[in-house]
Amino acid sequence: MQGRIHSLESFGTVDGPGTRFVVFVQGCPMRCAYCHNPDTWAMNGGTLMEAEEIFEQYKRNEPFYKGGGITVTGGEPLMQVDFLIDLFTIAKANNVHTCIDTSGIAYKPTNTAFIEKLDKLMTLTDLVMLDIKHIDPAKHLELTKQPNEGILAFVSYLEEKGVDMWIRHVVVPGITDDDKYLFDLGYFIGQFKNLKALDVLPYHTMGENKYEKLGIEYPLKGVPPMEKSKIVEKKAVILDGIRKRRSEK
Ligand code: SF4
């Protein structure tokens with residue numbers, strides 16, 4: 001099975017546990033205002049590659065990935081569920097840790113054909129890193145041009161399937177740094193038993209020049225990068241929400 005691949009990275013250190021072989025897939029239906037990979041958006045771009053071919057590239061440096069594994073990110077990995085099943089089938093047959101870094105946007109509970117495939121994929125997946133862009137439906141729509149209803153339902157699905165989950169959240173000054181919503185996010189994710197970690201990331205402007213190259217106007221022009229020192233404070237607000245939810249059980 002072929003995947004539509006944007007690029008491969010041999011030594012990823014921020015894409016799951018340990019050092020990882022990272023597969024960036026091509027194609028994403030979201031339009032996050034702060035996306036630093038707009039070159040992964042087009043569904044018909046990238047290079048077609050076989051799952052076997054990608055796994056062979058992983059094998060070349062296998063000794064480096066002790067404690068790590070393979071992460072598929074993007075773009076949006078779950079738009080290519082058949083390819084992921086193929087790649088992860090090979091990975092699990094070789095005892096390799098598998099991780100998907102996703103926005104969850106592809107999750108459509110009423111699409112039974114897709115859910116059947118997703119069920120299969122989840123049996124081959126050790127970890128899902130789910131990036132929740134905004135907990136508020138209207139603000140999520142404004143920020144990403146997509147609704148968050150299915151994304152939040154995806155969290156329940158992952159718990160039901162018993163797949164470990166890390167939640168990621170990017171904090172953008174004036175856009176996703178409101179303590180009310182950060183607390184609400186924590187309160188929401190606090191209910192899930194499969195929540196294993198929380199990654200709170202500062203917004204940076206490093207993707208801006210890619211927009212220029214693609215001739216797309218940068219939606220967050222003038223928004224400053226998030227001060228790294230403030231991230232600890234913002235993470236503490238999300239953790240308060242998690243604690244509150246867990247204290248109610
Ligand atoms: S989901 Fe990821 S790749 Fe897609 S637009 Fe958002 S940040 Fe970019």
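As the structure lists them, so they are numbered: ligands from 1, and atoms in each ligand from 1. Keep in mind the model is a prediction, meaning the values are calculated, not measured.
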Qualifying residue, where the test is side chain to side chain donor-acceptor pair (under 3.5 Å) with Lys59 and the options are Gln57, Glu56, Glu62 =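 The option that passes is Glu62.
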Identified side chain to side chain donor-acceptor pair (under 3.5 Å) partner of Lys92 from the options Asp126, Thr98, Thr123 |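 Testing Lys92 for a side chain to side chain donor-acceptor pair (under 3.5 Å) against Asp126, Thr98, Thr123 leaves exactly one candidate, Asp126.
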Give a yes or no on whether a salt bridge exists between Asp119 and Lys117, defined as a side-chain N under 4.0 angstrom from a carboxylate O.
->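 No, this pair does not count.
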Per-residue contact class, His36 against ligand 1 - non-hydrogen pairs under 4.0 Å =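 Within the 4.0 Å criterion, His36 makes no contact with ligand 1.
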Under 2.8 Å from atom 4 (Fe) of ligand 1, which protein N/O/S atoms are there?
->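 Cys28 SG, with waters left out.
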Does Glu52 CD have over 12 foreign heavy atoms under 6.0 Å away?
->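 Counting other residues, nucleotides and ligands, CD of Glu52 exceeds 12 neighbours.
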Any chance the side chains of Asp131 and His169 put a donor and an acceptor closer than 3.5 Å?
->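 No pair is found: no donor N or O on one side chain lies under 3.5 Å from an acceptor on the other.
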Starting from atom 2 (Fe) of ligand 1, which protein heavy atom do you reach first, and at what distance in Å?
->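 Protein heavy atom at minimum distance: Lys133 NZ, 3.9 Å.
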What residues join Phe24 in its hydrophobic cluster, counting side-chain heavy atom gaps under 4.5 Å, either direct or through other members?
->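 The other cluster members (ILVMFWY side chains, heavy atoms under 4.5 Å, direct or chained) are Val22.
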Path from Leu8 to Leu48 over hydrophobic side-chain contacts below 4.5 Å |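 Different clusters: Leu8 never reaches Leu48 through Ile, Leu, Val, Met, Phe, Trp or Tyr contacts under 4.5 Å.
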